[in-house]
There are 2 protein chains.
Amino acid sequence: MTVVKEEIRDQIIDSASEIFSRFGFRKTTMDEIARAMRKGKSSIYYYFTSKEDIFKAVVEKEAQTLREEVTRAVESSDVPTEKLRNYILARMKVIKNVSNFYDTLKNEYLNHLDFVNKVREKYDKQEIRILTGILEEGQKNGVFRTDDPELAAIAIVTALKGLEIPLFWSKANKNIEKRVDDLLNILLYGLLRK
Amino acid sequence: MTVVKEEIRDQIIDSASEIFSRFGFRKTTMDEIARAMRKGKSSIYYYFTSKEDIFKAVVEKEAQTLREEVTRAVESSDVPTEKLRNYILARMKVIKNVSNFYDTLKNEYLNHLDFVNKVREKYDKQEIRILTGILEEGQKNGVFRTDDPELAAIAIVTALKGLEIPLFWSKANKNIEKRVDDLLNILLYGLLRK
DNA sequence: ATTTCGACCGTTTTGGTTTTATGGTCGAAT
DNA sequence: ATTCGACCATAAAACCAAAACGGTCGAAAT
């Protein structure tokens with residue numbers, strides 16, 4: 001695939017991403033995606049094999065962007081406790097984003113949500129790896145007292161997922177910030193060496 | 001309300017509970033509820049003011065049953081660590097039950113799910129109180145090292161909620177048992193005094 | 001050789017209409 | 001105190017024709 005083709009493919013992904021997130025999968029038409037690119041519908045099929053294909057590319061790219069954001073947040077400090085704090089705060093942004101995504105897809109075919117969740121699982125695994133790294137570092141420094149960093153990482157990610165549930169179901173849950181703080185404190189407290 | 005009336009009300013709740021959980025709210029008809037009770041439809045309105053009314057009673061009773069189950073599990077031991085373990089295992093049953101409930105309601109009106117979630121929130125608060133009790137007890141015994149038991153309880157409940165997400169979305173997630181074990185270990189490990 | 005597009009096809013979705021089923025009421029009967 | 005049949009207004013299901021849609025293909029454009 002030439003460089004130019006790859007570039008236009010990417011533009012289509014960005015353009016379609018907006019449309020998908022506004023109207024959901026079903027109500028987004030190929031004609032609209034093409035019109036937004038000022039191309040004919042058939043031309044889009046030169047870059048993608050199907051509407052599904054575009055959607056998957058959109059989800060993957062979205063996930064990648066969020067992943068990069070989290071990575072950047074973690075790398076913005078050298079102190080493990082700070083890293084952990086930054087990670088959790090960045091993760092909350094991700095949760096909000098994902099929550100919006102779910103919102104537009106809620107009333108659509110379940111297999112699309114299934115796909116989104118598969119991507120998320122992959123994403124979670126990477127996060128667990130990052131977190132494990134942080135915890136191992138803190139352990140060596142003598143800051144954290146975990147002796148199974150991977151298990152601790154899994155527990156943290158699972159707990160963060162727990163925060164998503166009220167966010168997902170009720171749009172107007174304003175206590176979420178407080179809950180994040182609570183969780184952050186308990187996690188840090190639980191891990192910190194006295 | 002007489003004793004007899006109360007009794008029949010309860011029978012209707014049990015009977016309707018089965019029908020609701022099989023067909024969901026929408027596809028359950030008043031005629032069917034009445035038929036199952038071998039009564040005329042109008043008679044049901046002597047005990048309940050509306051279909052919604054029956055549904056809410058069903059949800060509340062279900063929640064109460066689960067609550068009792070959890071309480072019993074906790075009280076089945078005197079050792080705090082055992083109590084915690086029993087609590088988590090009992091909670092998993094609850095999660096599976098709730099998960100099924102969500103499944104039948106998934107494609108229905110959102111306000112029903114909203115109601116279910118409100119009941120769950122109330123339930124969660126009670127669980128946090130129970131858990132806090134366990135943790136305080138363990139703390140006095142010198143078994144647990146938490147010095148803010150309520151925060152720890154919140155974290156645990158939140159983490160358990162996190163386990164629900166994959167259970168809710170993908171029906172065939174068989175790794176759930178392993179995850180529960182992992183979480184159980186990490187929680188116990190995190191709390192136990194060395 | 002790469003990229004675009006108009007014409008076209010089979011299928012799905014939509015919108016409007018009619019029919020049927022359902023939640024709920026009421027007064028009489030038990 | 002409890003049950004129920006007859007009844008009503010509304011909502012859901014069934015139906016169908018028209019429009020919209022996803023996707024294909026070969027030709028045209030670059």
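These numbers come from a predicted model, not from an experiment. Throughout, protein chains are lettered first and strands after them, A, B, ... in sequence-line order, and every chain is numbered starting at 1.
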Separation of atom CD1 in A/Ile33 from atom C1' in D/dG23, rounded to whole Å:
13 Å
Taking D/dT3, C/dC5, D/dA13 as options, the one with an atom nearest any side-chain atom of B/Arg26 is D/dA13
Return a single string for nucleotides 24-30 of chain D, one symbol per nucleotide in 5' to 3' order, where B is base contact, S is sugar-phosphate-only contact and - is none, cutoff 4.0 angstrom on heavy atoms.
BB-----
Closest non-hydrogen atom pair between B/Asp78 and B/Glu137, with its separation:
O-OE2, 3.5 Å
Where do B/Phe55 and B/Phe20 come nearest, in terms of heavy atoms and distance?
CA-CE1, 3.8 Å
Testing C/dT22, C/dT2, D/dT2 for proximity to the side chain of B/Tyr47, the answer is D/dT2
Would you mind reporting whether B/Glu75 and B/Asn86 have side-chain heavy atoms less than 4.5 Å apart?
no
Just the rounded figure in Å: distance from C1' of C/dT13 to NZ of A/Lys27.
11 Å
Which residues satisfy the salt bridge (charged side-chain N to carboxylate O under 4.0 Å, His left out) test with B/Asp53, sequence neighbours excluded?
none
Length of the CE-C1' vector between A/Met30 and C/dT13, whole Å:
17 Å
Under 4.0 Å between a side-chain N or O of A/Ser43 and OP1 or OP2 of C/dT3?
no
Consider the side chain of B/Lys5, meaning its heavy atoms from C-beta on, and name the nucleotide among D/dT2, C/dT3, D/dT3 that approaches it most closely.
D/dT2
For B/Lys39 and D/dT2, what is the distance between atoms NZ and P respectively, to the nearest whole Å?
9 Å
In whole angstrom, give the distance that lies between atom CD1 of B/Ile44 and atom C1' of D/dG5.
15 Å
When you measure from the centre of the six-membered ring of A/Tyr46, is the NZ or CZ of A/Lys5 closer than 6.0 Å and no more than 45° off the axis?
yes
Between D/dA19 atom P and A/Asp31 atom CG, what is the distance in whole Å?
17 Å
Between CD of B/Glu52 and C1' of C/dT22 the distance, given in whole Å, is 15 Å
Does atom CD of B/Glu150 have more than 12 heavy-atom neighbours, drawn from other residues, nucleotides or ligands, at distances under 6.0 Å?
no
Taken to the nearest whole Å, OH/B/Tyr46 to C1'/C/dG24 is 18 Å
Nearest heavy-atom neighbours spanning A/Tyr45 and A/Ser50
CE2-CA, 4.2 Å
Here the pair of heavy atoms bringing B/Ile33 nearest to B/Ile19 is CA-CD1, 4.0 Å
Distances for protein N or O near nucleotides 28-30 of chain C N or O, under 3.5 Å:
none

Begin with the C-alpha distance, continue with both residues' side-chain angles, and end with the deciding distance and a verdict on salt bridge (Lys or Arg N to Asp or Glu O under 4.0 Å) for B/Asp10 and B/Lys61.
CA-CA 9 Å; B/Asp10 211 59; B/Lys61 188 174 180 185; 3.1 Å; yes
